[in-house]
Structures are given as structure tokens and as C-alpha cells.
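From a predicted model like this one, the values you see are computed outputs, not experimental measurements. Note on naming: letters A, B, ... go to the chains in the order of the sequence lines (proteins, then strands), and numbering restarts at 1 for each one. Just so it is clear, the values below take in all heavy atoms, side chains as well, and ignore hydrogens, waters and symmetry mates.
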Amino acid sequence: MFEVPWSDYSDPLWQGLLHTVEYTVLGFCGAAVLGLVLALMRLSHLRMVRFPSALYTEVFKNIPLLAIIFITYFGLTSVGLKMGALEAGALSLVVFYAAYLSEIFRSALAGVHDGQRESAHALGMSRLGTLTHVIFPQALRLALPGTNTFLVDLLKSTSLLVTISAAELMTQAQLITSDTFRALEVYVVIAAVYFALCYPLSQALLWLERKVRAGAALTPGRRRRLRKARVMLASETTS
Amino acid sequence: MKLTKAGSGPEKPADAVPADPVPATAADPAGRPSTEPPEGPAVVRISGLSKSFDGRLVLDDIDLEIRAGEIVSLLGSSGGGKSTLLRCVNLLERPDRATIELAGEPVFSGDRAVYRDLAELRQRVGMVFQRFHLFPHLTAIENVVLAQMKAAKVSEDQALETAVQLLRRVGVDHRALAFPEQMSGGEQQRVAIARALALRPAVLLFDEPTSALDPESTREVLRVIRGLAEYGMTMAIVTHEVPFAREISDRIAFLDGGRIIEQGTPEEVLDDPQEARTQAFLASYEGSGR
Ligand SMILES: Nc1ncnc2c1ncn2[C@@H]1O[C@H](COP(=O)(O)OP(=O)(O)OP(=O)(O)O)[C@@H](O)[C@H]1O
Ligand SMILES: [Mg+2]
């Protein structure tokens, strides 16, 4: 079955892999930031702030990613806004996935009990301090499962960028196929590469989810604090 | 503080009671006769406080003063405005009109807040909630450390030191590295008390601190509050534990329909209530120490 001289194609494959990872990282980071901004806007008490965010979310949740890709890459060109495949591809992923992530973030933020904000305020913590040290860490716990699902989904969706020849894995597969005429072998191999990316990623994210849920100290500052606490508690009880 | 040693129960009160002397800030003149009400300066002075929700008057022209070292219990039927009154003191709730002074400093006047620094003000007013509201993503000791570091800007070492001392003082130092969900209600509430104490508040406000607890946990928490009383801590306590209120309070205020309809020493209010509403309320607490 294996008749494609894969060693000749290691370079394009490697390039494709790097590009897939690049789109995933850019797309996810952008979507997470935009999604968070949208989620915070949704929780504002001002209608003027809430409304645009809700509108955005509803619009982009209800149109296909492929349509967004075509609009940004082909459509905007026709009105003089020329973008390369990288910019258009990453932008499409950002605007599309931000809509979904904003929903997840919003419900996670709303899921943190109101008493948490109150007790932090009663202790004299600022609004920003309360958000960063009390609300966000708890919202993170609630948001991780859904966020992780969408991260893997986003990675797989980068394959749609084949339609704008974005040089990622799927595009490379298409090129290799047109070179060798061995579609089955090539696409099975490429599918295996996607699996090899996605499976460890989702397992790692599950591990992270469990760690965060168990309250594990993931930052160096917190580790140090807990280490000091252990030492103090031990020495105080013996004294 | 009218508590006597005998009141603190046979179980080792040393758990909750610090050996060190009362600090000057607690303003509890040592050796003050236990029957006399404290004559210290007012820590909290509220006058003419009114508050409404959606046009419905919930607090109606309240006057209340809490002096240094004094323990005031607020009793009253559900919906009488007890929680709202406490929440107005640290401005978690904004009064419609009021004059509020904390340790002589005006923080609210007319219909405007006039504090210099809200965060600093709130550090001076500790609050303990019925449902604890510990931070579930942090261990007990981190719960006590967080506001010290982020609000009071205390160094990490100092904050940890204070936390260990306070956790020991409320008797949960052996649970210092546990998460709230791993602790009993009584342990959680004691951590919450330590968390509030860590900021060295001038006054502690308790909103039904034992209402969500089983009898065993209730005893633990009440023992800690007694310990604080012996220490000379200034406190306002909303409670339904009438015998406890009688035992610990210098003064009891009875709130009904948004007004303080009666206040005085525990004996005056509990044994000889003048108002029909107070009588009815106390009658519903049969066998509760009357
Ligand atoms: N945020 C709010 N919005 C609207 N109404 C409120 C709010 N908080 C309290 N109230 C109303 O104000 C009144 C007083 O409430 P509060 O919680 O202060 O009473 P309480 O004496 O503490 O009662 P309980 O013993 O049940 O705790 C109640 O009628 C309550 O429904
Ligand atoms: Mg209440």
C-alpha cells in the first residue's frame, strides 16, 4: 500500500505541520482574548455595551466557518482589502471561535457565586484584584472543559484553510496527491498526523483540567507560598 | 463584653483564646467590671439611616452606635432588615440617606459616600457571612493570606505568619492546607473568621454566623466568638441564638420592619420586652434561655 516516497516529502509535510500549529496558536489566542472581551461586555450593566457583544456572538455562531474564510480572503479583496492567506486564515478562525468562546467564558463568569465578589470586596480588595484573584481562577475551572473542546475543534478546522491554499497540512496533502496520484494513502497518512496532534493535545488538556479542578498550584508564586506555609506550619506545631 | 470565664464552657477555651494581652487598638480597658457597658469611643456611629429596594423602605431612620469593645446583637424576624443594616456599615449596600462614621471618620453623609479610601475602610470592618463565602480555589491558609497581600499590601512572609497564628487561634491550623470543600461547615466558618481578623479590623460584623451549621459546628463557632469577646473585640452579631445573644451581648437591638423598635441590655430586652413585636418574637423561641 505504501508507495508514496515519503522521505521526499518530509520537507513540505514539516512545513505543513508548522503552519497548522501556527494557525492553531494564532487563532486560539486571538479568539480567547476577543472572547473574553466579549464575555465581559456581555456582563456589563450597560445595555449599550451588552448589545454589540450579543449581536456579534449570534451572527458568528450562525454562519459557517468556510463562509467566513471566503469572505475574508476572496470577498474583502474585491473591495480592496488585500490579505495574505495567513492573515485571512488566522482572522477567520479568530472571529469565528471568539463567538463560541465568549459564550463559554460568559457562563463561567456568571457561574461564580455572587458571594465571592462580595466577600472579596468586604475584605477591601479592589475590583481588579477581585477579578484577577477571585473571579477568574474560579471561572477558569468552569470554562476549561468547553474551552478545551473548542481548541481541539479549532485545530481540526484549520484543515478548511486548504480552500485558500494556506500551506498547512491539508494543503500539503493536496499537493502531494497531485504529485503522486495516491489519494487514499496520502489522506490516510495526513489523517494520522492530525490524530497524532489532537489526541495528545486533548489528553494534556484533560490532565490540566483535573489539576485545576483539584486546586493544584500551577504558578511559581503560589507554589512558593504553599511551600513556605508548609514549613511554617511544621515548625510552629513543634515549637 | 460582659462575659465571665464560666460562660466560656468547660471545653478547652484555650483553643480560641489568645494568651497575649489585648492590644491597645481593641480599646478594652483591662479589668473593667464585666457588668458595666463599655464607655469607649464609638467605633461605628450610624444615624438616620434609610434604605429602600425598588421603592420599598427596608431600613427606616436607623440610629445605632457600637462602642469600642462592645458587643451588640441584632435580633428580629426574617426580612426585618438585619443583613441590610450590616451591609450598609461597610457600604456593600448603599444607603439612601445616612450619616455613618467609622472610628470618628465620616464615611457616609446625607446621600453621598464621603470616605477617602473604600478599600481601607472595608479592611477596618470585618464581615463574616452566613454561608462563609471562602474562596474555594484556595486552601484555608491562602484564604487568610489573600486579602492581606492584595488589599493590605502586607508582605508574603508576614501574611503567612499572621495566617498561621490566626488559624491556630480559631483551632483549624491542622486544616490549613485543606480546601474549603474538604472542611466541615464549622471549620469553614472559623477560617472565614480568621480571614476577617487577618486585616486587624476595628469591628467585626457577623451575619447569622451559625445559621448554616449543625449543632456541633455551631458550638465550635460560638466558642471562637466567645474567645474574641474575651479578647475585647468590638462586634455586631445578627443571630437567632437567643441564649448566646443573652450570654455574650452588652446590648441587644431588636429590629422589626426596618426600625430598631427596642434596645437595651440583654436583661431588659429579653426578660422584660416592652414592645408587642419583641414579646411575640421571643415567645416563638420557647425554652431558649428565658
Ligand atoms: N438586593 C436586594 N434587592 C431587593 N430587595 C432586597 C435586597 N436585599 C434585601 N432585600 C429585601 O429587604 C428586606 C430586608 O432584608 P434583609 O436581608 O436585610 O433582612 P434580614 O433581617 O436579614 O432577614 P433574614 O433574617 O431572613 O436574613 C427583605 O424584605 C428583603 O427581601
Ligand atoms: Mg439576613
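- B:Cys88 and B:Leu49 make their closest contact through CB-CD1, 3.8 Å (heavy atoms, listed as atom of the first residue, atom of the second, distance).
- Looking at B:Leu160, both its backbone and its side chain come within 4.5 Å of chain A, counting heavy atoms on both sides.
- Using a distance-only test at 3.5 Å, with no hydrogens or angles considered, no donor-acceptor pair links the side chain of B:Ser52 to the main chain of B:Gly55.
- The ring of A:Phe150 has its center closer than 6.0 angstrom to the ring center of A:Tyr100.
- Surrounding CD of A:Glu58 are more than 12 heavy atoms belonging to other residues, nucleotides or ligands, all under 6.0 Å away.
- Neither the backbone nor the side chain of B:Arg124 comes within less than 4.5 Å of any heavy atom of chain A.
- Residues B:Leu146 and A:His133 approach most closely at CD1-CB, 4.0 Å, considering heavy atoms.
- Panel note: side chain B:Gln188, backbone B:Phe132; no donor-acceptor pair is recorded below 3.5 Å.
- Chosen from B:Met127, B:Lys150, B:Gln123, the residue pairing most often with chain A at heavy-atom distances under 4.5 Å is B:Lys150.
- Only the side chain of B:Phe129 has a heavy atom closer than 4.5 Å to any heavy atom of chain A.
- With a threshold of 4.5 angstrom between heavy atoms, B:Asp157 approaches chain A through its backbone and through its side chain.
- Only the backbone of A:Ala214 comes within contact range of chain B, judged by heavy atoms closer than 4.5 Å.
- In plain terms, the two heavy atoms of B:His137 and B:Phe179 that are nearest each other are O-CE2, 3.5 Å.
- At a 4.5 Å heavy-atom cutoff, the contact between A:Arg141 and chain B is made by side-chain atoms alone.
- Of the atoms belonging to B:Leu134, it is backbone heavy atoms, and not side-chain ones, that fall under 4.5 Å from chain A.
- If you measure heavy-atom distances from B:Val125 to chain A, the contacts under 4.5 Å come from the backbone alone.
- Looking at B:Glu142, the atoms closer than 4.5 Å to chain A (heavy atoms on both sides) all sit in the side chain, from C-beta outward.
- Interface remark: of the candidates B:Leu177, B:Ile141, B:Leu205, B:Asn90, B:Leu177 forms the most heavy-atom pairs closer than 4.5 Å to chain A.
- Using modelled atom types, no side-chain atom of B:Asn143 and backbone atom of B:Val191 make a donor-acceptor pair closer than 3.5 Å.
- Heavy-atom pairs under 4.5 Å with chain B peak, among A:Met125, A:Arg225, A:His121, at A:Arg225.
- Ranking B:Ala196, B:Ala152, B:Ala163, B:Pro136 against chain A, the residue ahead of the rest is B:Pro136, based on heavy-atom pairs under 4.5 Å.
- Heavy atoms of other residues, nucleotides or ligands lying less than 6.0 angstrom from OH of A:Tyr199 number 12 at most.
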